[in-house]
Amino acid sequence: MDFDLSEEQTMLKDSVERLLKDQYGFEARSKHGTGEAGYSDKMWNQYAELGLLALPFAEEDGGIGGGATETMIVMEAFGGALILEPFFASIILAGGVLRHAGNADQKAALIPAMAEGSLKMAFACAEPQGRYDLYDVETTATKDGDGWVINGKKALVLHGDSADKLIVSARTAGNARDEDGISLFIIDADAEGVTRNGYPTQDGLRAAEITLQSVKVGPDALIGSEGEAWPVISRVADEAIAALCAEAVGCFEKMHELTLEYLKTRSQFGTTIGSFQALQHRAVDMFVELEQSRSMTMYASMLATGDDAVERARAVSAAKAQIGESAKVIGREAVQLHGGVGMTMEYAIGHYFKRTTMLDILFGDANHHLKRLAQLDGLIREDS
Amino acid sequence: MDFDLSEEQTMLKDSVERLLKDQYGFEARSKHGTGEAGYSDKMWNQYAELGLLALPFAEEDGGIGGGATETMIVMEAFGGALILEPFFASIILAGGVLRHAGNADQKAALIPAMAEGSLKMAFACAEPQGRYDLYDVETTATKDGDGWVINGKKALVLHGDSADKLIVSARTAGNARDEDGISLFIIDADAEGVTRNGYPTQDGLRAAEITLQSVKVGPDALIGSEGEAWPVISRVADEAIAALCAEAVGCFEKMHELTLEYLKTRSQFGTTIGSFQALQHRAVDMFVELEQSRSMTMYASMLATGDDAVERARAVSAAKAQIGESAKVIGREAVQLHGGVGMTMEYAIGHYFKRTTMLDILFGDANHHLKRLAQLDGLIREDS
Amino acid sequence: MDLRFTEDELAFRDEVRSFFRQALPASIRDNIVAGRHTSKEELVTWTRILHDKGWAVPHWPVEHGGTGWSPVKQYIYLEEMSQAPAPAPLAFGVNMVGPVIYTFGNEAQKSRFLPRIATLEDWWCQGFSEPGSGSDLASLKTRAVRDGDHYVVNGQKTWTTLAQHADWIFCLVRTDPDARKQAGISFLLIDMKTPGITVRPIQTIDGGKEVNEVFFDDVRVPVENLVGEENKGWNYAKFLLGNERVNIARVGVSKERIRRIKELAALQRVGGERMIDQPEFREKVAAVEVRLKALEMTQLRVLAGEAKREKGTQDPASSILKIKGSEIQQATTELLMDVVGPYAMPYQSEEAIDGRNEPDIGPDWASTIAPAYFNTRKVSIYGGSNEIQKNIIAKAILGL
Amino acid sequence: MDLRFTEDELAFRDEVRSFFRQALPASIRDNIVAGRHTSKEELVTWTRILHDKGWAVPHWPVEHGGTGWSPVKQYIYLEEMSQAPAPAPLAFGVNMVGPVIYTFGNEAQKSRFLPRIATLEDWWCQGFSEPGSGSDLASLKTRAVRDGDHYVVNGQKTWTTLAQHADWIFCLVRTDPDARKQAGISFLLIDMKTPGITVRPIQTIDGGKEVNEVFFDDVRVPVENLVGEENKGWNYAKFLLGNERVNIARVGVSKERIRRIKELAALQRVGGERMIDQPEFREKVAAVEVRLKALEMTQLRVLAGEAKREKGTQDPASSILKIKGSEIQQATTELLMDVVGPYAMPYQSEEAIDGRNEPDIGPDWASTIAPAYFNTRKVSIYGGSNEIQKNIIAKAILGL
């Protein structure tokens, strides 16, 4: 058991934090968000230069071979800066599918381009009727010669509007909510039959509703084995959840810091409000939540890459439930302790509140994950 | 709409509070509890003299004809003094059955004796396997000539050990958890075949497990119609819950008062602990819970005597859920703010904590009643 | 004690309910049900309808257009209005400055302002908070210096809701900088068209632009617009804030929202079953309903007590209404978030939706929910934060 | 970073687990599972078993009988012990006065006391709190006046747990009444058989009589029983209390209790179904499990940090362990109350149950649950109340 970062990990952490400190302050972020894509291509290239976009990919695929800890470090830093770029959507999600299920040709064709920043992908795994159940797939892929024809609607595709390619889940067999019979396909984002309706999300990022109408793909579009995508999707989702938890911890840390700063400088009734014991205790509540969330994120990061799907599910659901709960407490207290300014777009704290609220929702809110954990008999069992 | 007490009600309140203030202080209470019955017969006689034991009974039956408000007043005062006598068990519960379902002969035979204090009854309505479901009746009453033979086990019969007579629910038809087919019988507590195992409860009151083995009763033992007791039981239980809520409010008020007193006098770090803002705010939380509980108790008292069983159930379940929740908050804060002395039997606060914990349990805890309310579609509906 | 409504009160409720059902324009109602903002035009329309009925300012003295209803009837009226649901009359006029004017204003002010408040010919806004003041309202810095028949006002107000529509603003200004904090403050009525006033919108986290900063740069205000006595403004402000606290429980609004939650949860499917059929969800809603019913009864108890209190004084127990009322409002928006799930995410401003032909992203009821959740954080901040309310209870009721 | 246990640590865990399984007397284990108290005889028996194995005081320096285990192994050992479940060694000796003696005591004290602590030949109790002192420990009033080779002690201690069994008590006493609060305090070891000591039991709300008042009436204590320097006792006390805070999370105890909750909920039927099968109940338990897992990881992080801290200093983050640990312990007893339902009500003392032949009232596992619920309120009070812990975090970590 060892909580220390290696020398390389410490360097990674320092370099990404330095980049964001220099170029991703509150003002700078507003500017980064004004372009059509909703984020900064310049920053994206800098992430590439720093090797961040190559980080999770294996060295033999053109990546750097970083593990769960490296992802955690980067996502936490990104959370602290509220970055707008599609790192999560492209590298963690779509990249995760490639890592776990792409064949050699697919990896060779895509990963180097992703790592150098020239290719962005999105993962269209959710559907409008499915809520948080990624096996609820009504989109169909029908055999058509060597290839397939895909029809259906995908929902809330993160950064789906600016992606160059999409990975789409579609049903090649079975019924709407079966885990069996789902397949994954790579399609060009501007292929015929693809309609993308992009929009901003509450936190200032982007997503898209995507309609697929008779989209034809060749045999090389299939990722992994036909009808057997569920273990891949579920594994990628579990890893993604661990990454979201780390992002949330980055946000929480910053929210706590901003709130402390405010308590120490804001003056009321002739004294700084941080001298009021009732407010001190609530700042402590925030701190405790932050530390508990950090602990659970470490736990989830450690287990999310494991091979036991049930153990993995328990760990990430527990972590996501903790994060969702902490997001409520920390968001509530941070805004309340800021008073009126916490309600405005002109202060950073409100932006963090909105992002963490969305982080609770992404890939399942606290209720969803508590239910999932409970169905899996919880963390503590006779045999545990 | 009128929240004021009438002149008579104010007098009732004053007189019962005066009696308890004079004779039911913390020291006196300890003495009252030392007798074999676990309470004071002397106090019981004084309640009778004050007319309290006659209060809820109709005037034509030898009572005083008090309503829900009168019961609320008395129960609240009793709660404030943590009385040990079987007012709830005998007058509210068993008395309630007589009021609602007793025939003229039964009323004439029993009510005047109860009102003057010479007869105590208990209501054996729960069974070991039934948890909070009073329709879960496995005790059977089998026809035997004109009368019946009763066999079974009754659980947690409040003050069942010192009662002179018992009202017992038993099944004359149907299956264990049917609402139909339950009947009520009056039996002598020392009838052949009745075994009473009396014991103290956590709050210093008394209850008994009662075994009925071939207990023979005559035709005049039946209260109400054969097999149709459920509406009676459920009505008596709903009224009883309103009374328990009032008792809880009496406790809460006293807990709040004792805690304030402690905060104002206990000195730490060179000042009274009541000057610490974090503790002030928690005293406020207690106060808010107290007032919310008081409000819900008024609401439940008003509706518990209504004829619409569903409306009644919603109101009392809502009130009991509120009381249970408040009992947790107020109990927790009261003990915590008292510190170590809150953990001892030598201070009053711990006794209140124990009683209110039991009040949450009696006739269904907060979980049970929230579930019941949710099943009845809640308080706010399209038609409400 | 009898907590039931009397026959007369029940008849009154039916009368109000059926009037609202018949008189409230459907488009206004539907907007509210959908969680969207009421426009200025809609509020004026609705206020005029109420005024024609004689119900625009029911709680005012009869001589100024009030109805003479008992507190219970006033409560029933407001409850029915929130549950219609109809827009609430503009509080800055009818609940805030109106009562200050008829209680402390002179005859000229009464006859000049009150009728135009009742009809919403004058749209009022509130100039109390300042960037530095927050919960410590009395630390305000905006100065008014007497210059002949005018005060010259300089300074800045903030959190001024709907100032963009306003014809008038009522302001607390410092007229005696040497007096003790609360003692040197006056209550001024200022025409928003006066030169030197600038309004700057503040964008809030729900995407709205309803609050503003208002800057005063050598703004000349006739002395006749001073309410009551110079340097006594703090008393009038306390009176006003006290009135605000009673209405802030928003029981009717929360009731209406719980109905909405149940309606939407019946449309939403989770894991193949309707959300409304899940016992966990039902119990979560029921728990909020219990707290809300308790609050409603507490509100009625405070109201009943009002009648017996000295005019213009405030039951400190009304702080409970603020605390619990805001907590429950927040709890209802959390439940809405639970219901909507992932489709809380798309950001679709009302303007964007109005301007396009395509359907909404996600269910057509989803777009207002996250903004409502964000926006409702404010209810425990404004009107005296919940921490201030707890301080009030601790001091005034508990004697700590 | 690697949060998994190493192969070596896993092997150690298996070794400890299998030793406990084999060596722990079943009757002692069963008593704990049932939520009953461990008797003095049982604890002595168990301590001797551990001592024979060389594991009675694993965290002590090797020269005094410690094992030299890493902090992680010590943690595994304690975890396995709570989950066996086995009784914890008497903390007053092995965790409190023992470390004070080997850190600050002289050689004579070390050789006299430490071996008898390890074997529980000496039963120690703690004389810190006084009726007036509470969270403000340094305000203590018990006096020790030097008289030749003795101190003469007068005063009163309270909340002295298990003093009825004690051979020795370690006390904070005031030796310099004129010094600043913390400065005039000394740390004395007192033989409980010394004339002038009276022990009076305090009955607690769970029905127990484990805490006591201890009165000192001209009690003569040899000066050789002073630990360290006169008037420096406050430092030793802070050191001791710091050690207390790390162990106070009680992760293993809460884990064991959650297993018990699930076991009992499988026996209990509600409305015709098993309680463990109700989604609402399962989710309530899961929510506590999540908080507990987070606490466990936080505890491990604090432990890992310990190794790098200056010896004898305390990570203020350990206050989190106290706060969350006590909240979770309380939450588990609330869940037990939910499970047992109405049969929480009968009061059946352990003595009463031991002395009778009839079966228990209700299920045979029910009688200890309400007492545990009542008793567990204390965990947020003792060892520095949670309010004090929050003050510590606010000051030492947040800089407020």
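All heavy atoms count here, side chains included; hydrogens, waters and symmetry mates do not. Labels below follow one simple rule: chain letters A, B, ... track the order of the sequence lines, proteins then strands, and each chain is numbered from 1.
For the options Gln268(D), Arg377(D), Glu334(D), heavy-atom pairs under 4.5 Å to chain B are most numerous at Arg377(D). Among Gly350(B), Gly339(B), Ala366(B), Gly340(B), the residue making the largest number of heavy-atom pairs under 4.5 Å with chain D is Gly340(B). Taking Asp365(B), Val341(B), Asp133(B) one by one and counting their heavy-atom pairs under 4.5 Å with chain D, the maximum is reached by Val341(B). For chain D, the option among His338(B), Gln129(B), Arg266(B), His351(B) with the highest count of heavy-atom pairs below 4.5 Å is Arg266(B). Note on Ala370(D), Gly207(D), Pro131(D), Gly132(D): by heavy-atom pairs under 4.5 Å with chain B, the leading option is Gly132(D). Residue with the most contacts toward chain B among Gly271(D), Ser385(D), Ser129(D): Gly271(D) (heavy-atom pairs, distance under 4.5 Å). With chain D as the partner, the residue from Gln268(B), Met358(B), Glu209(B) showing the most heavy-atom pairs under 4.5 Å is Gln268(B).
Phe269(B) touches chain D through backbone and side chain together, each having a heavy atom under 4.5 Å away. Contacts of Arg131(B) with chain D are made by both backbone and side-chain atoms, with heavy-atom separations under 4.5 Å. In this structure, the portion of Arg269(D) lying under 4.5 Å from any heavy atom of chain B is its backbone and not its side chain. Neither the backbone nor the side chain of Val379(D) comes within contact range of chain B; no heavy atom of the residue lies under 4.5 Å from a heavy atom of that chain. With a 4.5 angstrom heavy-atom cutoff, Arg282(B) touches chain D only via side-chain atoms. For chain D, the nearby parts of Gln336(B) are the backbone and the side chain; heavy atoms of each come within less than 4.5 Å. Heavy-atom distances place both the backbone and the side chain of Ala155(B) under 4.5 Å from chain D. At a 4.5 Å heavy-atom cutoff, Pro363(D) makes no contact with chain B through either its backbone or its side chain. In this structure, the portion of Ser133(D) lying under 4.5 Å from any heavy atom of chain B is its backbone and not its side chain. Proximity to chain D (any heavy atom under 4.5 Å) is restricted, for Leu279(B), to the side chain, taken from C-beta onward. Residue contact with chain B, scored on non-hydrogen atoms closer than 4.5 Å, is absent for Lys390(D).
The environment of CD in Gln213(B) is sparse: at most 12 heavy-atom neighbours from other residues, nucleotides or ligands sit within 6.0 Å. For Glu273(D), the CD atom sits in a packed shell: over 12 heavy atoms of surrounding residues, nucleotides or ligands are nearer than 6.0 Å. Annotation for Asp180(B): atom CG does not count as buried by contact number, only 12 or fewer foreign heavy atoms lying within 6.0 Å. No more than 12 heavy atoms of other residues, nucleotides or ligands lie within 6.0 Å of NZ in Lys153(B), so this atom counts as exposed by the packing criterion.
Side-chain contact between Leu156(B) and Tyr343(D): present, with at least one pair of heavy atoms (C-beta onward) separated by less than 4.5 Å. Under the 4.5 Å side-chain criterion, counting only non-hydrogen atoms from C-beta, Met337(D) is in contact with Thr357(B). Residues Tyr347(D) and Leu205(B) fail the side-chain proximity criterion, which asks for heavy atoms closer than 4.5 Å. When side chains are defined from C-beta on, Tyr347(B) does not count as touching Ile205(D), because their heavy atoms never get closer than 4.5 Å. Put simply, the side chain of Thr344(B) does not reach to within 4.5 Å of the side chain of Val211(D), judged on heavy atoms.
Atom CD of Glu327(D) is separated from atom CZ of Arg332(B) by 9.0 Å, given to the nearest 0.5 angstrom. Rounded to the nearest 0.5 Å, atoms CG (Asp338(D)) and CD1 (Ile361(B)) are 9.5 Å apart. For the atom pair Met343(B) CE and Asp206(D) CG, the distance stands at 6.0 Å (nearest 0.5 Å). Summarising the geometry, atom CG belonging to Asp136(D) is positioned 11.0 Å from atom OG1 belonging to Thr271(B); distances are rounded to the nearest 0.5 Å.
Across all their heavy atoms, Ser367(D) and Gln202(B) have their closest contact at O-NE2, 4.3 Å.
The backbone N or O of Pro200(B) sits nowhere less than 3.5 Å from a side-chain atom of Gln348(D) that would complete a donor-acceptor pair. At distances below 3.5 Å, not a single donor-acceptor pair connects side-chain atoms of Gln203(D) with backbone N or O atoms of Met345(B).
With respect to Lys371(B) and Glu280(D), a salt bridge is recorded, a charged nitrogen being found less than 4.0 Å from a carboxylate O.
Relative ring orientation between Phe353(B) and Tyr373(D) is described as tilted, the plane-to-plane angle lying within the 30° to 60° band.
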